[in-house]
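See below for the structure under consideration.
For the numbers below, each heavy atom of this structure counts, side chains included, while hydrogens, waters and symmetry mates do not. Residue numbers start from 1 in every chain, and the chains themselves are labelled A, B, ... in the order their sequence lines are given, proteins ahead of strands.
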Amino acid sequence: MDLLSGLNSAQRQAVTAGNGPVLVLAGPGSGKTRVLTHRAAYLVGHVAVPPYRIMAVTFTNKAAREMRGRIETVLGGSLRGLTIGTFHSICARLLRREAAHLPVTSDFVIFDESDQVALAKQALRDLDLDEKQYRPQSMLNAISKAKNELITPEAFRAETYFAEIAGRVYARYQALLHENNALDFDDLLMGIVMLFDDHPDVLAKYQQQYEHILVDEFQDTNTAQYAMLRQLAAVNRNLFAVGDVDQAIYRWRGADYRNVHRFQDDHPDALTVLLEQNYRSTQTILDAAMAVIDRNPNRTRKSLFTERGHGERLTVYEAYNEDEEAQFVVETIATLTMQDGLSPGECAVMYRTNAQSRAVEDAFIRAGLPYRLVGATRFYARREIKDLLAYLRLVHNPADSVSLARVLNVPPRGIGPKTIEALQACAAANGVPMGDILRGLGQEPPAEVQLAVTGKALKALADFGRQLNYWHTARAELSVVQLMDVILDQIGYHNYLNDGTDEGLDRWDNVVELRGVAAESPDAHLTGFLEEVSLVSDVDNLAEDGQAPTLLTLHAAKGLEFPVVFILGLDDGILPHQRSFDDPEQMAEERRLMYVGLTRAKDRLYLLRAFRRTQYGESDVSQPSRFLEDIPDHLVAGHTPRRTGRKANVASAYARATTWDGGSKPAAAQPVVLRFRTGQRVNHSSFGEGIVIESKASGGDEIVSIAFEAVGLKRLAASMANLELLEG
DNA sequence: ATAAAGTGACTTTTT
DNA sequence: GTCACTTTAT
């Protein structure tokens with residue numbers, strides 16, 4: 001039947017597999033999504049499995065959306081009842097349904113990273129721990145790691161002093177989450193596994209319902225996710241997993257590609273299908289990618305092949321610095337567009353770290369060309385978006401004290417830290433959330449509370465409480481958009497953002513954009529809207545019809561493909577990243593990251609590096625990436641001198657730089673007159689007297705290092721610090 | 001209660 | 001260099 005007609009034999013074998021566990025090891029571009037969607041369609045269309053008995057799990061909403069669409073296309077009908085979504089969204093849905101067994105109610109909110117930090121800080125304060133000494137972020141890392149490994153606060157075992165502290169913070173943090181009627185991302189996964197463990201009847205219900213479970217990107221599952229899959233598939237044993245250990249790049253997030261091997265150990269009878277034929281790249285690109293990945297130890301070799309022919313050889317280019325590296329990208333894209341009739345949207349620029357995007361953005365801006373940037377400051381992490389969402393979450397769940405603390409004085413309404421402290425104390429004394437105290441104050445007549453706050457501040461609190469009450473009541477009859485408008489209007493948010501700067505205008509645009517998100521689903525209720533926005537990521541919003549080149553990290557590039565790919569920063573220390581040098585496991589992951597990048601390209605691949613690179617404000621000479629050395633010479637064309645002398649490179653780079661932009665370079669060469677010299681005595685208004693150790697120009701300012709008698713060595717910007725030159 | 005100055009961190013970040 | 005955050009000065 002035509003459902004199978006477009007598949008090669010390996011793909012067909014996987015799609016039509018009978019009952020029992022199936023593991024599909026799919027190389028890049030081998031049609032793994034195709035296999036997954038056709039498998040689902042096959043089950044529904046051929047085996048007559050009702051859609052509601054299938055669960056398909058992905059890691060991103062985008063992947064889930066696409067899969068649903070593609071299954072529907074193959075089947076030519078809608079798939080009502082099919083459970084398809086990310087691990088997190090599916091878990092959230094199930095947890096809400098089974099909330100009776102949870103420490104939170106069914107309308108719990110999901111705390112994101114910054115909420116988590118706020119809560120971790122609170123936990124540290126509650127335990128009288130110094131947040132300088134125990135950084136909230138490292139506490140959260142430990143907590144997240146524990147949750148991914150399904151370790152509860154009670155089961156948390158401390159071997160070290162740090163872990164002992166982390167364990168205590170974990171317990172307090174968890175209690176705070178529940179007080180806020182909130183769960184974090186990791187709780188969604190661990191919560192499900194615990195729920196299933198503690199309530200076999202609940203588990204049995206879902207085990208029966210889900211006759212088939214399909215999983216994408218299986219190499220990226222963590223312990224909790226794997227445990228959940230095992231639980232659900234324990235009875236029917238129809239677990240269909242697709243993955244590629246060579247594309248495992250999320251170890252640092254708790255993912256463990258060894259789950260692929262575990263799957264084979266746990267299911268000795270599993271049908272394993274290897275997909276090696278590539279439908280994306282030229283053979284040259286595949287050969288380069290294999291040359292890189294084959295150096296990783298302990299892996300089963302895959303022989304990727306294509307029928308697309310050899311295509312063009314790769315271009316390796318060594319630029320003088322990151323600006324020239326970016327310039328090369330812009331120029332090359334311009335040339336390809338004009339000479340080869342390529343659309344700029346078919347090009348992607350990939351890099352290891354977000355910081356690298358700046359030079360590229362600058363180059364595009366200088367050339368007056370548009371680009372699309374994925375990631376960086378994520379939309380939902382922006383201050384204005386978080387503010388507005390915090391308001392909505394507070395209206396939805398007055399117990400959410402993290403959101404309350406965020407918006408209590410935003411925009412400023414005369415509620416300072418003293419007042420907040422008093423409110424917190426009052427809430428703690430009465431054992432109720434701060435939101436309830438506020439709403440009590442906003443009642444007519446105000447509720448009686450013991451609150452150490454004076455007239456003006458008290459009025460501010462009561463006013464805010466009144467607004468909160470109003471919104472809380474109004475939320476039932478207003479749409480999300482209407483509620484947003486009411487809140488924005490009443491708090492004067494537009495006015496607050498509009499501070500006359502361009503940034504203020506941008507921020508308001510973002511607010512309008514969020515309003516647009518809400519307007520897209522006018523019938524959605526507040527709960528649904530909040531859940532949707534708390535589970536989205538940036539890649540989810542990457543439009544398909546882009547006319548401009550895409551700038552993104554290698555991590556964000558996974559799962560995507562582009563006719564032309566530029567990989568930047570092939571320097572030792574960047575890719576592979578410095579932090580992976582002393583850990584072979586991490587180094588192997590860097591190599592996989594490179595592999596992922598290489599295999600995104602369909603036709604052309606450009607590998608770039610810079611001889612000199614400015615990082616953290618310091619310019620340093622760098623060595624070529626060791627991965628670059630692994631690519632055989634015969635796959636490379638247009639090799640700029642790489643192992644030849646550095647001087648020639650520098651000279652040619654300068655020559656190019658001058659011919660390209662006759663003087664339009666950014667004002668890096670602004671002369672700075674140095675006022676201070678080593679050995680001079682100076683006086684600073686607060687640090688007192690000291691001796692100048694060093695003075696140099698940097699970033700258009702004079703940076704002076706001074707050894708102060710009272711406070712030791714400091715680095716100050718001469719234009720900022722009020723330095724007085726003393727005699728001597 | 002804000003604004004300016006100083007400090008310190010800084011890889012990636014599917015949800 | 002840039003961001004977030006804290007301390008200090010107004």
Side-chain angles (χ1 to χ4, degrees), chain A residues 57-64 85-92 110-114 116-117 121 131-132 135-138 141 144 148 183-189 216-217 219-222 225 249-255 350-356 358-359 374-378 380-381 383 409 412-419 456-457 531-540 552-559 569 573-580 586 589-590 592-593 596 614-619 668 684-687 698-701 703 711 714-717 719-722:
Chain A
V57 202
T58 64
F59 277 86
T60 68
N61 294 300
K62 182 171 172 253
T86 63
F87 273 101
H88 295 267
S89 68
I90 289 174
C91 288
I110 300 163
F111 270 11
D112 74 6
E113 220 173 285
S114 57
Q116 289 178 269
V117 171
K121 282 182 181 169
E131 53 179 87
K132 291 262 159 55
R135 298 222 328 280
Q137 198 54 64
S138 38
N141 285 342
S144 175
N148 287 162
L183 297 180
D184 64 21
F185 289 131
D186 300 321
D187 282 337
L188 298 175
L189 307 173
D216 195 9
E217 306 280 18
Q219 78 283 355
D220 287 337
T221 51
N222 62 31
Q225 287 159 336
I249 53 174
Y250 284 102
R251 195 176 88 99
W252 49 275
R253 282 286 274 112
M350 302 175 186
Y351 35 77
R352 175 67 240 260
T353 70
N354 275 310
Q356 290 174 259
R358 176 162 303 270
V374 179
T377 346
R378 307 147 61 79
Y380 287 98
R383 175 157 64 81
N409 201 34
R413 48 171 75 89
I415 301 174
K418 276 267 158 56
T419 315
K456 212 186 205 168
E531 168 137 346
E532 186 193 328
V533 298
S534 56
L535 296 176
V536 294
S537 70
D538 263 23
V539 233
D540 290 339
L552 74 182
T553 62
L554 289 163
H555 283 91
K558 196 171 80 157
I574 304 281
L575 181 62
H577 196 272
Q578 200 115 32
R579 294 222 180 171
S580 61
Q586 278 201 69
E589 180 141 321
E590 296 289 307
R592 293 193 290 268
L593 198 50
V596 167
T614 305
Q615 267 187 303
Y616 308 135
E618 298 287 342
S619 175
H684 183 271
S685 48
S686 48
F687 296 149
S698 174
D701 200 343
I703 304 295
V711 293
K714 299 278 175 201
R715 290 177 66 203
L716 307 173
S719 67
M720 302 288 234
N722 200 2

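- If you check C:dT7 for Watson-Crick or wobble pairing at under 3.5 angstrom, you find it paired to B:dA4.
- With centres under 5.5 Å and a plane angle under 30° as the test, the ring of A:W252 is not stacked against the base of B:dT11.
- Between the CZ atom of A:R579 and the C1' atom of B:dT13 there is a distance of 14 Å, rounded to whole Å.
- Across B:dT2, B:dT11, B:dT13, the shortest atom-to-atom separation from the side chain of A:T353 is found for B:dT11.
- Among the protein residues, A:Q586 comes within range of the nucleic acid bases, having at least one heavy atom under 4.0 Å from a base atom.
- The side chain of A:N354 places no N or O atom within less than 4.0 Å of a non-bridging phosphate oxygen (OP1 or OP2) of B:dT11.
- Summarising the geometry, the separation between CG on A:L593 and P on B:dT13 is reported as 10 Å, rounded to the nearest angstrom.
- Phosphate contact (OP1/OP2 of C:dG1, side-chain N/O of A:T614, threshold under 4.0 Å): absent.
- For the pair A:D186 (side chain) and A:N148 (backbone), a donor-acceptor distance under 3.5 Å is absent.
- A:K121 has its NZ atom 10 Å from the C1' atom of C:dT6, to the nearest Å.
- Nearest-nucleotide assignment on DNA chain B puts the 5′-proximal partner with A:P412, out of A:S580 and A:P412.
- Here A:H555 does not lie in a stacked arrangement on the base of B:dT12, lacking the combination of planes under 30° and ring centres under 5.5 Å apart.
- Each of A:F59, A:Y351, A:Y250 was checked for a ring pair (Phe, Tyr, Trp, His ring centres under 6.0 Å) with A:H555, and the lone residue meeting it is A:Y250.
- When heavy atoms are screened at a 4.0 angstrom cut-off, A:Q356 is found touching no nucleic acid atom at all.
- If you take CD of A:E589 and C1' of B:dT13, they are 12 Å apart, rounded to a whole angstrom.
- With a 3.5 Å ceiling on both atom-pair distances, B:dT13 lacks any Watson-Crick or G-U wobble partner.
- Close to B:dC10, at under 4.0 Å from its OP1 or OP2, lies a side-chain N or O of A:R135.
- Annotation: side chain of A:L189 is in contact with side chain of A:H88 (closest heavy-atom distance under 4.5 Å).
- Across the protein-nucleic acid pair, A:I574 atom CD1 and B:dC10 atom C1' stand 12 Å apart, rounded to whole Å.
- For the salt bridge (Lys or Arg N to Asp or Glu O under 4.0 Å) criterion with A:E590, the lone passing option out of A:R251, A:R579, A:R352 is A:R352.
- Rounded to whole Å, atom C1' of B:dT2 lies 16 Å from atom CD1 of A:I415.
- Contact detail for A:S89 and A:E531: the closest heavy-atom pair is O-OE2, 4.3 Å.
- If you find the closest nucleotide of DNA chain B to A:E113 and to A:T419, the one lying nearer the 5' end belongs to A:T419.
- Rounded to whole Å, atom C1' of B:dT12 lies 13 Å from atom CZ of A:R592.
- Between A:D220 atom CG and B:dT12 atom P the separation is 18 Å, expressed in whole Å.
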